[in-house]
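The block underneath contains the structure these notes are about, expressed in structure tokens.
Just so it is clear, the structure is predicted and the values come from calculations on it, not from any experiment. Per chain, numbering begins at 1; letters A, B, ... match sequence-line order. Basis for what follows: all heavy atoms, side chains included, without hydrogens, waters or symmetry-related copies.
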2 protein chains.
Amino acid sequence: MAGRAAEPEVIWARPERSGRGPRPAYSRADIAAAAVRIADAEGLDAVSMRRVAAELGCGTMSLYNYVPRKEDLYELMVDAAGGEHELWEPSGDWRADMLRVAHQTRDLMHRHPWLPRLMSPVYGFSPNALRYLEHCLACLDPMPGPQGTKLELIAMLNGIVTTYVTNELATAERARSLPWSQEQENAVRGAYLMSRVASGAYPRMAAAFAEDPGPIDLEAVFERALTRVLDGFDPRR
Amino acid sequence: MAGRAAEPEVIWARPERSGRGPRPAYSRADIAAAAVRIADAEGLDAVSMRRVAAELGCGTMSLYNYVPRKEDLYELMVDAAGGEHELWEPSGDWRADMLRVAHQTRDLMHRHPWLPRLMSPVYGFSPNALRYLEHCLACLDPMPGPQGTKLELIAMLNGIVTTYVTNELATAERARSLPWSQEQENAVRGAYLMSRVASGAYPRMAAAFAEDPGPIDLEAVFERALTRVLDGFDPRR
DNA sequence: TCGTAGTTACGTACACCGTACGTAGTGCGC
DNA sequence: GCGCACTACGTACGGTGTACGTAACTACGA
């Protein structure tokens, strides 16, 4: 019987190769890379077991030898993306290091727009996620206080980055599978919103739209959000 | 031809009743209520067009007269949940008011655990969402600064609450459709995590797990996170 | 008042999904 | 060299969203 257990299972706990039987034709890395390739090129919704198997050049059900459930395929993808995190020797300035981490995560999500959708606390302990977490904690060594607080900070920053990038990408990832362009969608939604606001029922929203903020600098908004969170955690303030 | 347009469409922009033809058998509120009932009782994954139609007592395809795409059904659900937000006369203390808003949102998400999964910036402008936004801005009237900053604060708080509740619920919503219990899942994942940490490869993670934080007060973590964000936005600090 | 156009209602059908199950072939460990 | 655990994979089932066609109904313009 193959690995389709009726019990919960962590894919990272099962060995990639178990000695007996024919040598597996693909590695976990191969499979993850195939899925990531598809998701990058055609969007997350294009990642189906059949599609990934086809990309690998094997039968659909062969995939289930490697990946008991589709969810585990997602976990492989998130881990593969996490492997792109470039780690460094902590500088001693934990605030600067955490800012750098956050920016790197944001870049990662831009490179793989499907990542935010798969980023859930559930997939938190893949090998690369552990590597990443340990690195963050190392960066936070100079920060006083209990480890628990540091974990809180890391979680908070990750949450902010995910939320922010989700906003940034908006419908971009979803739009790939729609029959119309994102510009069309934004135009229609914008027109509707303007008509509602113009109705006069929402005076403060109207004021918000009326005020001219100058050129909107999303980058600055992001930076400000991070700084605010770091301030909130900085014991020197 | 029914409303299946090849153009993007905002469901709130189309009239519920268009005069001509037979009187529609159901209102948008009926449909939303049916979907919400199913999602509350059986989880979001149980909400299919067929299932909702059955709950209403009509044919599957009849639903498409009211809801051109499934996504719009989700939008109806989010709006219906948003209608449960109880608004009040702003107190004059914007920090206190925003805390109250955040707690209410959290309660809402506990009542409807599928909400965080559907909470995306895309569904941001349903009637009840606009009501909610306007109310938040009213609460923020005493706060100095441009409206843009206030919108940033609201977005940030919503993001925090969503992230936090997602963590809180963890696999709870997902677990409903799995053949094993959430306790089993947590046990297996916990055991795996412990084994990895015990390997010695992640000394700082090990330290984090080793330190005894006393009883973990999730409520306090939430409160602290909110306070930190409010601090970051408070011009008096 | 009556035809007709626009709507509602809904059954059928299609392409896709995740995956349970059974079977055949392969190669390591004893 | 035997046996068995493992890989490979075809078939099939029950589900999904939804395109399309048809029949019934109602409110409006003539």
When you measure from the side chain of Lys70(B) to the backbone of Val47(B), do you find a donor-acceptor pair of N or O atoms at a distance under 3.5 Å? yes
Euclidean distance, atom OH of residue Tyr64(A) to atom P of dC6(D) [Å, nearest integer]: 20 Å
Need one value for Tyr66(B): base, sugar-phosphate or nothing, where a base atom within 4.0 Å counts as base even if backbone is also close, heavy atoms only. sugar-phosphate
Grab the OH-C1' distance between Tyr26(A) and dA8(D) for me, whole Å please. 10 Å
Can you tell which of dT26(D), dT18(D), dA9(C) lies closest to the side chain of Asn65(B)? dA9(C)
Within 45° cone and under 6.0 Å: Arg106(A) NZ/CZ vs Phe222(A) ring: yes
Heavy-atom nearest pair, Gln147(B) first then Ala207(A), reads NE2-CB, 4.0 Å
Measure from the side chain of Met49(B), starting at C-beta and using heavy atoms only, and say which of dC9(D), dG18(C), dT18(D) lies closest. dT18(D)
Protein-nucleotide distance (Lys70(A), atom NZ; dA20(C), atom C1'), rounded to Å: 18 Å
Distance in angstrom units between Leu63(A) CG and dG10(D) P, rounded: 13 Å
Shortest non-hydrogen separation from Pro68(B) to Tyr64(B) and the atoms involved: O-CD2, 3.4 Å
Ranking Ala25(B) and Val47(A) by the position along DNA chain C of their nearest nucleotide, the one closer to 5' is Ala25(B)
I want to verify a distance call: between dG25(C), dG6(C), dG17(D), whose nearest atom is closest to the Ser48(B) side chain? dG17(D)
Leu56(A) CG to dA8(D) C1': how many Å, rounded? 13 Å
Taking the side chain of Pro24(B) as its heavy atoms from C-beta onward, which of dT8(C), dG17(D), dC10(C) lies nearest to it? dT8(C)
Output the rounded distance in Å from CG (Asp30(A)) to P (dT7(D)). 15 Å
Integer-rounded Å distance: dT18(D) P and Arg69(B) CZ: 8 Å
What integer distance in Å separates Leu73(A):CG from dT19(C):C1'? 14 Å
Close side-chain approach of Arg117(A) and Asp45(A), heavy atoms under 4.5 Å: yes
Look at the side chain of Ser62(B) and decide which nucleotide, out of dA9(C), dT16(D), dT19(C), has an atom nearest to it. dA9(C)
Any N or O donor-acceptor pair linking the side chain of Arg50(B) to the base of dG17(D) at under 3.5 Å? yes
